[in-house]
There are 2 protein chains.
Amino acid sequence: MKIPAKTVFYTIERTIKTYRKFSKKHFLKVVDDITVDQKLVLQYLNDHPELSQNEIAELVFKDNASLTRMIDLMVRKGFLKRSINPDDRRRFNIELTPKGKEILEKLAPVIITNRKKAFAGISQEELMQLDTTLNKIISNLNND
Amino acid sequence: MKIPAKTVFYTIERTIKTYRKFSKKHFLKVVDDITVDQKLVLQYLNDHPELSQNEIAELVFKDNASLTRMIDLMVRKGFLKRSINPDDRRRFNIELTPKGKEILEKLAPVIITNRKKAFAGISQEELMQLDTTLNKIISNLNND
DNA sequence: TTCATTTTATTGATATATCAATTATATTTG
DNA sequence: CAAATATAATTGATATATCAATAAAATGAA
């Protein structure tokens with residue numbers, strides 16, 4: 001008999017890795033040279049252009065140093081454009097180039113299909129329950 | 001109102017990152033210079049000394065190249081000892097040094113405490129349900 | 001206003017992730 | 001058996017993760 005307490009984190013890890021691999025595969029069918037995390041960064045910047053690098057880093061669970069390098073790369077690849085923010089010269093305005101926007105447009109339907117696939121045969125209630133349990137775990141771990 | 005299908009993977013990712021940060025913090029209170037993944041590798045090798053690097057890589061969701069470098073490092077740090085396998089000279093026998101075993105012994109109680117903390121207030125049924133839902137997702141993603 | 005503190009981003013060092021290419025050894029097949 | 005194929009591990013190149021140190025600008029308090 002399985003003892004879930006011993007294996008749940010293993011299963012969680014496996015889920016996220018499987019999903020990342022799956023996403024990557026389907027992303028690459030419509031756009032080449034994009035990673036799952038780069039897509040996330042593009043999406044956040046598109047929806048909230050005022051975000052600082054630090055804020056994006058927090059949203060995608062990375063640190064500032066990683067974000068600096070990711071954004072450098074995305075600028076080099078022509079997805080993003082950095083310009084100085086005259087209101088606060090420590091930070092940058094970062095905006096999507098047309099190429100960056102095009103990538104998001106191409107990926108939008110893929111995201112929807114991916115989610116459908118991932119959650120096939122799982123009810124809304126079951127997803128809610130999943131979300132609830134995971135949030136309990138997060139809050140347990142943070143109260144320490 | 002929240003739409004879990006849009007955010008579940010975000011929550012899953014957050015759970016695993018939070019748990020890793022939490023584990024790391026508590027690991028470092030009893031052992032210095034260890035990572036969560038290194039501990040996992042030590043554990044697998046301790047429980048199944050016959051495992052090849054490739055097999056371990058699969059168990060910890062990494063690729064062979066990463067494992068090669070991780071094991072190199074763990075040998076340099078004196079946690080592991082590599083020796084040639086005379087039955088198949090392509091692979092190595094990898095065994096824990098006394099130092100490696102000591103690390104596992106020191107971490108064992110921490111693991112138990114960590115799990116207790118993580119799952120406080122969550123019933124066995126709820127954990128089972130979590131496990132079930134995640135496995136449905138994994139299987140959905142793999143049938144593609 | 002000036003100095004100390006905080007914030008934002010960068011850089012350096014080291015480890016890890018990923019993919020492709022390579023080496024050495026084993027296994028299979030004609 | 002010899003040649004082709006497969007397997008285990010390594011290496012190289014590039015990207016990312018993490019921590020510590022730093023630089024530049026903004027903010028706060030005396």
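Letters A, B, ... mirror the listed sequences (proteins, then strands); counts begin at 1.
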*A:Phe79 and A:Val75: CA distance, side-chain angles, deciding distance, side-chain contact (heavy atoms from CB on, under 4.5 Å) verdict*: CA-CA 6 Å; A:Phe79 303 165; A:Val75 168; over 6 Å; no
*Rounded to the nearest angstrom, tell me the gap between atom CG in A:Asp88 and atom C1' in D:dA24.*
11 Å
*asked:* Classify A:Arg82 by what it touches in the nucleic acid, base, sugar-phosphate, or nothing, heavy-atom distance under 4.0 Å.
replied: sugar-phosphate
*What integer distance in Å separates A:Asn85:CG from D:dA24:C1'?*
14 Å
*Mind listing the closest non-hydrogen atom pair of B:Lys99 and B:Lys77 along with its distance?*
NZ-O, 2.9 Å
*Measure the distance from CZ on A:Arg91 to P on C:dT6 and round it to the nearest whole Å.*
19 Å
*asked:* What is the distance, to the nearest angstrom, from the NZ atom on B:Lys39 to the P atom on C:dA15?
replied: 22 Å
*Between A:Asn142 and A:Ser139, is any side-chain donor less than 3.5 angstrom from a side-chain acceptor?*
no
*Please give, in whole Å, the distance from C:dA15 C1' to B:Met70 CE?*
10 Å
*D:dT22 base to A:Arg90 side chain: any donor-acceptor pair below 3.5 Å?*
no
*What nucleotide among C:dT18, D:dC19, D:dT16 has an atom nearest to a side-chain atom of A:Ser66?*
D:dT16
_If you assign B:Lys24 and B:Thr68 each to the DNA chain D nucleotide with the nearest heavy atom, which residue ends up on the more 5' nucleotide?_
B:Thr68
*Nearest-angstrom distance from the residue atom CG of A:Asp33 to C1' of D:dA13*: 15 Å
*From C:dA9, D:dG12, D:dA8, pick the nucleotide closest to the side chain of B:Ala65?*
D:dG12
_Over all strands shown, is A:Lys21 touching base, sugar-phosphate only, or nothing at heavy-atom distances under 4.0 angstrom?_
nothing
_Classify B:Gln38 by what it touches in the nucleic acid, base, sugar-phosphate, or nothing, heavy-atom distance under 4.0 Å._
sugar-phosphate
*asked:* What is the separation between atom CG on A:Asp63 and atom P on C:dT8, rounded to the nearest whole Å?
replied: 15 Å
*Using 30° and 60° as the class limits, which term best fits the ring planes of A:His26 and A:Phe22: parallel, tilted or perpendicular?*
tilted
*Just by distance, with hydrogens left out, do A:Ser66 and A:Asp63 show a side-chain donor and acceptor under 3.5 Å apart?*
yes
*Between C:dT7 and A:Ser52, is there an OP1 or OP2 to side-chain N/O distance shorter than 4.0 Å?*
no
*Nearest-Å distance, CZ (A:Arg76) to P (D:dT14)?*
10 Å
